[in-house]
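Structure record follows, encoded as structure tokens.
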There are 2 protein chains.
Amino acid sequence: MSRIRIKDIAQMADVSVGTVDRVLHGRSGVSEASRKRVEEILKQLDYQPNMYASALASNKQYTYACLLPQHEASEYWTDIEAGIREATLAYSDFNIQADVTHYDPYDYHSFEQASQQIVEKQPDGVLLAPTAPQYTCPFVEQLNQLHIPYIYIDSNIQEQPALSFFGQHSHQSGFFAARMLMLLAGKNATEIAIFRKINEGVVGSNQQERREIGFREYMERHHPTCHIWELDLHAKRDTEDTQMLDDFFKAHPTLHNGITFNSKAYIIGEYLHKRGIADFNLMGYDLLKRNVECLKGGTISFLIAQQPTLQGFNGIKTLCDHLILKKEINRINFMPIDLLTRENIEFYYKPIN
Amino acid sequence: MSRIRIKDIAQMADVSVGTVDRVLHGRSGVSEASRKRVEEILKQLDYQPNMYASALASNKQYTYACLLPQHEASEYWTDIEAGIREATLAYSDFNIQADVTHYDPYDYHSFEQASQQIVEKQPDGVLLAPTAPQYTCPFVEQLNQLHIPYIYIDSNIQEQPALSFFGQHSHQSGFFAARMLMLLAGKNATEIAIFRKINEGVVGSNQQERREIGFREYMERHHPTCHIWELDLHAKRDTEDTQMLDDFFKAHPTLHNGITFNSKAYIIGEYLHKRGIADFNLMGYDLLKRNVECLKGGTISFLIAQQPTLQGFNGIKTLCDHLILKKEINRINFMPIDLLTRENIEFYYKPIN
DNA sequence: CTGTTAGCGCGTTCAG
DNA sequence: CTGAACGCGCTAACAG
């Protein structure tokens, strides 16, 4: 039983393929009678167009613009970009092209500038990692006016919903992290630590803040008496880390559990290794190479992952699904909150880069 | 910069598209000179055919045969079948069709019979959940002779490698499970329990056995003094479960931790709920609805998942990638070993069924 | 308002 | 051994 084709519909409705095509695409120039008849049959037979043939015939070029924060190699965003590249390869037969540009996450002007360039280029779709809402919204409003679909990655902007969002539920992931850390800490733990990396009082991303809020909510609810210490390392002065950590650990000799909500747990992990501290349970985020090495080496107990590569891949895939294959799109896609340990890391999704 | 087409190659090599097509498919009827020239240019330009156009032109029907164990609704295999259906839908434009047949996992003759029917039908590809090697091998050897590619799902047969395998590394997942259970149990736990479902001495699947071996390996290495109790419930006499559990828990009043390696942890979980036992840490496998309810209710602490839906989906996808899109295939695909708790279950992949 | 037709990139004849 | 021509399902331009 072969698939129904336009030709079949045309025959049954006693019109030509041209007419069927017109009603399929809602174009004008069809009499009410014909339109009715064709739509009837379309529904009745549940016609599904062959989107590959369609894409082939329309023979269009699709250009996507991707806007991500600047970053160093082997960071979280590297994996996202790898996913973007993988997807453009996987869908290369659709004549797609993805141009990645970067903005400085600590300089809002940089975001505005980059976003203006994208607007001028008039791409067919946009994939962006939003910065603060007040800077993101003006940009996506322009995209709305130009009817350019856009996708949020990593972090969502509730006020201006995108075609689709891919990212983790940060709050819940912090909540989960607290559960797991306290499992490591044991019932009678009385103190834990939060390590941050801060630049001039700015944490750098909403994700980190939301994770910490979720974390504290769990602590408040289940371990209200457990004290939470904080250590703020400088985001741009790595050389001071060791000294600050030395001071911190000297000041808290009975502390045995801690967590970071950014992706730089390896800073603490490598410090623990250097100082030979073996009785400290450390948790962190994201499978950076250095984090994974700490995990395997035992200085990091748990890492929470959020599949950045898949986020990038799905972002591009979703643009294709929407623009080319005309599929229905899920607007909100929370990534799973995955717990990695030295025992299961080996079988987790391999990063591609 | 548009993609290179056959026509372009033909022009550059000063031959016709027919000739290029012949060398592309290694068909005969091309002079050495032409073949050399064309191959040269092919390499040089790194020609990548448009597989969608190719599939469209070849206009073939692909029929896949799927062979899975019989099962009841809402079991592990239900999710696998959902993945199969999802994939046939996703690739319906390629004119594919997947026929699922079942065998009785407790009756080897049933497997042979079903496999013979598949051989007679001569499908284009096969997706099967292997039973014991001595019964699986004769089948896949016939497939080999007929050059029909086959894919293993859930469990691998090392002796007869398939085109591809999707499943979890059971041994390591048991190893991981032990780590997590002992984390729940705490440092001074002296005893834990393994719950089984057994039919006439047969566990039912290799997976379960391998998980237990991995589990015991971890215990041996890290908790050699911890005693491991065992309770074998009858696989086909569910009505006796409660009585046996009553006896077991009465006999072990200080026991607070246990695990099942099959997907029926809910039997224990629902028992704990019924008896109001709240100080027992239970682990199990697979996100059956009843398991998930126990997890949310708190009678199951952790579940280990292995994405059965994705396994089914990827099995079909891989057959398409191989047969239609001529892509390179990964032969071994271990699924991640995912830990689910009541805190992160909400954001795990939704089952489709 | 409607039917016809020429492609899209590729596979497969069928003459020569 | 090779090129030309037609068709896959669909789009879009064109003619009526």
Side-chain angles (χ1 to χ4, degrees), chain A residues 1-39 41-42 45-62 91-96 323-327, chain B residues 1-39 41-42 45-62 91-96 323-327:
Chain A
M1 180 73 175
S2 199
R3 274 265 288 265
I4 312 270
R5 302 157 302 175
I6 285 190
K7 199 198 286 184
D8 302 322
I9 308 280
Q11 270 184 351
M12 304 184 71
D14 205 37
V15 292
S16 74
V17 292
T19 302
V20 177
D21 187 74
R22 276 181 271 265
V23 346
L24 275 174
H25 296 82
R27 264 180 273 143
S28 61
V30 183
S31 69
E32 261 317 297
S34 298
R35 156 157 284 123
K36 271 271 157 63
R37 204 139 31 85
V38 170
E39 275 173 346
I41 299 177
L42 247 29
L45 298 190
D46 186 34
Y47 167 74
Q48 301 293 113
N50 185 328
M51 293 324 276
Y52 298 120
S54 168
L56 184 62
S58 69
N59 196 29
K60 268 194 264 207
Q61 277 265 19
Y62 292 88
Y91 294 98
S92 61
D93 285 345
F94 289 141
N95 262 326
I96 68 171
L323 290 167
I324 309 176
L325 303 182
K326 320 285 185 196
K327 285 198 205 166
Chain B
M1 180 72 175
S2 198
R3 274 267 288 267
I4 312 270
R5 303 156 303 176
I6 285 190
K7 198 198 285 185
D8 302 321
I9 308 280
Q11 270 183 350
M12 304 185 69
D14 206 36
V15 294
S16 75
V17 292
T19 303
V20 177
D21 186 78
R22 277 181 268 264
V23 345
L24 274 174
H25 296 83
R27 262 179 276 144
S28 61
V30 182
S31 67
E32 261 317 297
S34 298
R35 154 158 283 121
K36 271 272 156 62
R37 206 139 30 88
V38 171
E39 276 173 346
I41 299 178
L42 247 27
L45 297 190
D46 186 33
Y47 168 74
Q48 301 292 113
N50 183 327
M51 284 328 224
Y52 298 120
S54 167
L56 185 62
S58 71
N59 196 24
K60 267 193 257 190
Q61 277 265 18
Y62 292 88
Y91 294 98
S92 61
D93 285 345
F94 289 142
N95 263 325
I96 69 170
L323 289 167
I324 308 176
L325 302 182
K326 321 282 185 197
K327 285 197 205 167

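Order of the sequence lines sets the chain letters (A, B, ...), proteins ahead of strands, with each chain counted from 1.
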Check whether any side-chain heavy atom of B/Ile324 sits under 4.5 Å from a side-chain heavy atom of B/Tyr91, and report yes or no.
-> no
Could you state the atom-to-atom distance from CG of B/Leu56 to P of D/dC6 in whole Å?
-> 18 Å
Evaluation steps, side chain to side chain contact (heavy atoms under 4.5 Å, CB included), between B/Ile6 and B/Leu24 | CA-CA 9 Å; B/Ile6 285 190; B/Leu24 274 174; 3.7 Å; yes
Rounded distance in Å - CD1 (B/Ile4) to P (C/dC8) = 16 Å
The answer to which of A/Arg37 and B/Arg5 contacts DNA chain C further toward the 5' end, by nearest nucleotide, is A/Arg37
Does B/Arg3 pair with A/Asp93 as a salt bridge, N-O distance under 4.0 Å?
-> yes
Any donor and acceptor pair, going by atom type alone, linking the side chain of B/Asn59 with main-chain N or O of B/Leu56 inside 3.5 Å?
-> no
Provide, to the nearest angstrom, the distance between the CD atom belonging to B/Gln11 and the P atom belonging to D/dA4.
-> 12 Å
Quick tally for nucleotides 11-16 of chain D: nucleotides whose base has a protein heavy atom under 4.0 Å get B, sugar-phosphate-only ones S, the rest -, giving SB----
Answer yes or no: does a side-chain N or O of A/Ser28 lie under 4.0 Å from OP1 or OP2 of C/dC1?
-> no
Taking the side chain from A/Arg22 and the backbone from A/Arg27, do they hold a donor-acceptor pair closer than 3.5 Å?
-> no
Check whether any side-chain heavy atom of B/Tyr62 lies under 4.5 Å from a side-chain heavy atom of B/Asn95, and answer yes or no.
-> no
Could you give the CG-to-P distance, from A/Asn59 to D/dC8, as a whole number of Å?
-> 20 Å
Please identify each residue that fulfils side chain to side chain contact (heavy atoms under 4.5 Å, CB included) with B/Ser16, with sequence neighbours left out.
-> B/Thr19
Value in whole Å for how far the C1' atom of C/dG9 lies from CG of B/Asn50 | 6 Å
Atom pair distance, as rounded to whole Å: CG in A/Asp8 and P in D/dC10 | 9 Å
Contact under 4.0 Å: B/Thr19 side-chain N or O vs D/dC1 OP1/OP2 | no
Mind calculating the distance between CD (A/Gln48) and C1' (D/dG9) to the nearest angstrom?
-> 14 Å
Given C/dT2, is OP1 or OP2 found less than 4.0 Å from the side-chain N or O atoms of A/Ser31?
-> yes
To the nearest angstrom, how far is A/Asn95 atom CG from C/dC10 atom P?
-> 11 Å
